[in-house]
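Structure first, commentary second.
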Amino acid sequence: MRRKLLLGNWKMNKLASEAKEFAVASRDLAKKAEANNIDLGVAPTYLSLATVKENAAKTMIVAAQNVHFNDHGAFTGEVSIPMLKEFGIDWVLIGHSERRTYDNETNEKCNAKIKALIANNMVPVYCVGETLEQFEANQTKAVVGEQVRVGLKELTAEDVKNLVVAYEPVWSIGTGKNASTEIAEDVCKFIRDVLREMFGDVADEIRVLYGGSVKPENIKAYLSCPDVDGGLVGGASLKIDSYEALLNNIL
Ligand code: 13P
């Protein structure tokens, strides 16, 4: 049985003081989520990770939005896995489409990061998804299949059992244009089929999320799809009321 997972991606939003306020306000929600067998989390900016970890409930997942694959060295502006671990952070988003677009995050680079995370017993949330152009050219499965195959190459079934994959069609991120539940299910099922082809039955344990204009009004429909195990939510995760409504609507 795969546990549902609701993860907020705050992107480049919230001052540390605002993140702290949210973390304190989320304590009861984390309890409610736990009582209902739902994993709940947020991915703040690096500068807010420590305060969110300190002020949120123990069961709240606190994820970084990126990491470097080297432990230390001359990589100006980067943050490493041991630096995250020192703060008790063990979840990291990898390959978000905004990083693929603006920071040249390739499938190969994602693979290096995912391998480094797994070697350190951390949980990568590997984001995949096609652009509007690729969607319109009917290339969704070719693109997403390649992202999954290259991003997860040279890993074993044992390695990937805690991995999370998030399908986020680029054309639906922050646009209010949702993928229909049929598309979300079709692509999430396709991802699971690729995972099964690569790693065997462990594919049934790996959580696959949908992301892209998920709101309190539509989250339930996505989570009713058999292969959608949760949501990766941007805009609607920023305000505590809306975050609470997302959770309440999947209880
Ligand atoms: P929105 O929910 O704002 O569309 O963002 C989705 C996303 O990119 C989450 O990672």
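Since the model is a prediction, treat every value here as computed from it, not as a measurement. Both counts, for ligands and for their atoms, begin at 1 and track the order of listing.
Salt bridge annotation for Lys20-Glu54: absent, with no cationic side-chain nitrogen under 4.0 angstrom from a carboxylate oxygen. Looking at Glu21 and Lys14, no side-chain N of the basic residue comes within less than 4.0 Å of a carboxylate O on the acidic one, giving no salt bridge.
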Can you give me a line-by-line list of nitrogen or oxygen pairs between ligand 1 and the protein shorter than 3.5 Å?
unit_1   : atom_1 : unit_2 : atom_2 : d
ligand 1 : 2 (O)  : Gly234 : N      : 2.9
ligand 1 : 3 (O)  : Gly235 : N      : 2.9
ligand 1 : 4 (O)  : Gly174 : N      : 2.6
ligand 1 : 4 (O)  : Ser213 : N      : 2.8
ligand 1 : 5 (O)  : Lys11  : NZ     : 3.2
ligand 1 : 8 (O)  : Lys11  : NZ     : 2.8
ligand 1 : 8 (O)  : His96  : NE2    : 2.8
ligand 1 : 10 (O) : Asn9   : ND2    : 3.0
ligand 1 : 10 (O) : His96  : NE2    : 2.9
ligand 1 : 10 (O) : Glu168 : OE1    : 3.1
ligand 1 : 10 (O) : Glu168 : OE2    : 2.9

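Listed by chain and residue number, Arg192, Leu195, Arg196 satisfy the side chain to side chain contact (heavy atoms under 4.5 Å, CB included) test with Ala203 (two or more places apart in sequence, or in another chain). Thr101 meets the side chain to side chain contact (heavy atoms under 4.5 Å, CB included) test with no other residue; sequence neighbours excluded. The salt bridge (Lys or Arg N to Asp or Glu O under 4.0 Å) check on Asp28 picks up Lys31, with sequence neighbours excluded.
Val52 and Val92 fall within a single hydrophobic cluster, where Ile, Leu, Val, Met, Phe, Trp and Tyr are joined by side-chain heavy atoms under 4.5 Å apart, directly or via other members.
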